[in-house]
Amino acid sequence: VDEHLEHVTVADVGLRGSPGLVFRGDYSTTADYFKGDVVTFEGSAYVAHAYSEASTVEPDESPNFSTLVEKGEAGATGLLGDGNIDGGTF
């Protein structure tokens with residue numbers, strides 16, 4: 001017997017919890033969304049806090065969505081890379 005397994009206890013399986021946040025990808029005007037669904041729209045992420053039928057109301061204007069992560073500003077230009085390739089912006 002493996003010494004690391006001597007103190008393992010088998011117990012009943014608990015109740016299944018809610019799925020939490022469910023990433024659904026880019027917002028679509030043809031999709032229904034449910035509480036906990038996360039969508040991206042114009043660089044930001046939004047979470048549905050209520051059922052939302054397919055709608056042309058975008059998540060940044062919908063009462064059924066809240067901002068989860070807001071798009072940030074463009075970063076500074078990066079350092080010059082190997083071979084004199086411009087580092088670009090992040």
Identify which one of Asn64, Asp37, Asp32 satisfies the side-chain hydrogen bond (donor to acceptor under 3.5 Å, both in side chains) criterion when paired with Tyr51. Asp32

Side chain to side chain, Val22 and Val38, heavy atoms closer than 4.5 Å: no

Looking at every non-hydrogen atom in both residues, tell me the closest pair between Thr56 and Thr29 and how far apart they are. CA-CG2, 4.0 Å

Closest non-hydrogen contact found for Phe65 with Pro59 is CB-O, 3.5 Å

Rounded to the nearest 0.5 Å, how far apart are NE2 of His49 and OG of Ser62? 7.0 Å

Which atoms form the tightest heavy-atom contact between Asp26 and Tyr33, and what is the distance? O-OH, 3.9 Å

Please give me the minimum heavy-atom distance between Lys71 and Ser44, naming the atom from each residue. N-OG, 2.8 Å

Please find the pair of heavy atoms, one from Tyr27 and one from Glu58, that lie closest to each other, and give the distance. CE2-CA, 4.0 Å

Quick check: is Phe41 connected to Val57 through a chain of hydrophobic side chains (ILVMFWY, heavy atoms under 4.5 Å apart)? no

Approximate separation, where rounding is to 0.5 Å, of Glu70 CD and Leu68 CG: 11.5 Å

Under a single-linkage definition using a 4.5 Å side-chain heavy-atom cutoff for Ile, Leu, Val, Met, Phe, Trp and Tyr, are Val39 and Phe34 assigned to the same hydrophobic cluster? no

With rounding to the nearest 0.5 angstrom, report the OG to CG distance, Ser66 to Asp60. 12.0 Å

Donor-acceptor pair, Ser28 side chain versus Thr30 backbone, under 3.5 Å? yes

Using side-chain heavy atoms (C-beta onward) and a distance below 4.5 Å, is Thr40 in contact with Phe23? yes

